[in-house]
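Below is one structure, written out as structure tokens, with a few remarks after it.
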Amino acid sequence: MIYLDANATTPPDPAVIEAMLPFLSQHYGNASSSHAAGRFARRAMERARGQVAALIGAEAPEIIFTSGATESINAIHLSARHTWPDRPLLIISATEHPATLECAARWQAQGGQVKSIPVHSNGLLDMEALQAALVPGQTALVSMLWANNETGVIQPMAEIAALAHTAGALVHADAVQMVGKMPVDVHSVGVDYLSFSGHKMHTPKGIGALFVSHHAPFQPLIIGGGQERERRSGTENVPGIVALGKAAELALNSPANIRPLHDLLEQQLLAALPEVEIHSQSAPRLPTTSSIHFPGVDAAALLIRLDQKGIACSGGSACHTASLHPSHVLEAMGYDARHAASTLRLSLSRLSTEAEIPQAVQEIIAAVHHLRAQWDPSVVVTMA
Ligand code: PLP
């Protein structure tokens, strides 16, 4: 298989698995136990906390281990609502991940107000609209994607945070697609909270982290035994935490240079199929992600065809499915359902290899030619 779906999840790094394995067998102590096995687990956990903090320029106590970004995002939204019940306004962007969209829907259902800021046609946030939406004293939280999972567009998070702070709002960055791929320094970007997931940076699934700045208020989502300094109760997932620490160390000390592979992929596709459109080329983008429109091709059929040829990739957002709903991200950028239904997302990781690119490109070109011969333009996938 050639795996071009790293924004959905990444293959676990063998070095990460090697680091965590002893914690699935002989080092099984509960990090809260006072005996030697417990102390061993705790030391490993605190080492990992330091590694994760170092990757994002934080201090170790500012890191809370969670089950993943969805939990981290839920925690921040509920925390902000409880911290400032008298500030009704939540601001998000129109291109958020469903984890944030659903939290925003709950915010509204519980009596809050939500403003969704539009993006330009290249996917970048409309900063003037953000400025106009902020209401000083009324805005509890500005919660936004840093890098988009579908298009790879990188938002100007430092500017967003600075603007939001002028209105006294707290700022949360969904950094799932940034951390481990791009340099992240929480203090220079100025956010109060930042969420990410281990499985997007080569750990197994079920571990993630939440950065909470020393200066920011925080009310826990999960209460109980008081683990994570009363900020996230429940016996810690020590193997996952060790894995995340190792992944963070690898990302910091031996950052991968994925951009040449990404550029090669786009160049080879454009050379063979000059009519394809690569979205958001005028915006800063992750060096891992290409969202590509193939005119005259049904993306769902293309996905199946490529799957049969051993190429794994996705249509719109793959976090929730192989669903045929047009991507809300592309819609927000002004594209219609037909356009979205002909769009593929290819995403690479540090474990992608140069040899895979021409092979994948060849299969994509062959599949596109094959499907175009069968395309029925009267069939449009519509919104469910
Ligand atoms: N935010 C973004 C940008 C994502 O890409 C994802 C998952 O794809 C999430 C949040 C949710 O992460 P998880 O499913 O690991 O909790």
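Whatever order the structure lists them in is the order used to number ligands and atoms, beginning at 1.
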Show me the donor-acceptor pairs, under 3.5 Å and distance only, between side chains in residues 251-262 and residues at least two apart or in other chains.
unit_1, atom_1, unit_2, atom_2, d
S254, OG, L250, O, 3.2
H262, NE2, E266, OE2, 3.2
H262, NE2, T289, O, 3.2
H262, NE2, S290, OG, 3.3

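If you look at H328 and H97, their ring centroids are not closer than 6.0 Å. Aromatic rings from Y335 and H293 are positioned such that their centres are separated by 6.0 Å or more.
Per-residue contacts place T70 under 4.0 angstrom from the following atoms of ligand 1 (heavy atoms of the residue considered): 11 (C), 12 (O), 13 (P), 14 (O), 16 (O). In summary, the atoms of ligand 1 found under 4.0 Å from a heavy atom of V176, numbered by their order in the structure, are 1 (N), 2 (C), 3 (C), 4 (C), 5 (O), 6 (C), 9 (C), 10 (C).
A heavy-atom separation below 4.0 Å is not found between E96 and ligand 1.
M144 and I73 fall into different hydrophobic clusters, where Ile, Leu, Val, Met, Phe, Trp and Tyr side chains are chained together by heavy-atom contacts under 4.5 Å.
Looking at S197 next to ligand 1, an N or O pair under 3.5 Å apart turns up.
Considering only non-hydrogen atoms, atom 9 (C) of ligand 1 lies nearest to H97 out of E150, E71, H97. Nearest-residue assignment for atom 2 (C) of ligand 1 (options T95, D174, T66; heavy-atom criterion): D174.
The side chain of K200, and not its backbone, has at least one atom closer than 4.0 Å to an atom of ligand 1 (non-hydrogen atoms only; side chain from C-beta on). Contact annotation for L145 and ligand 1: only side-chain heavy atoms (C-beta onward) come within less than 4.0 Å of the ligand.
Listed for the H120 side chain is no donor-acceptor partner under 3.5 Å among the backbone atoms of G123.
Under the side-chain hydrogen bond (donor to acceptor under 3.5 Å, both in side chains) criterion, the residue pairs touching residues 50-64 are Q51-E249, E59-H214, E62-H187, with sequence neighbours excluded.
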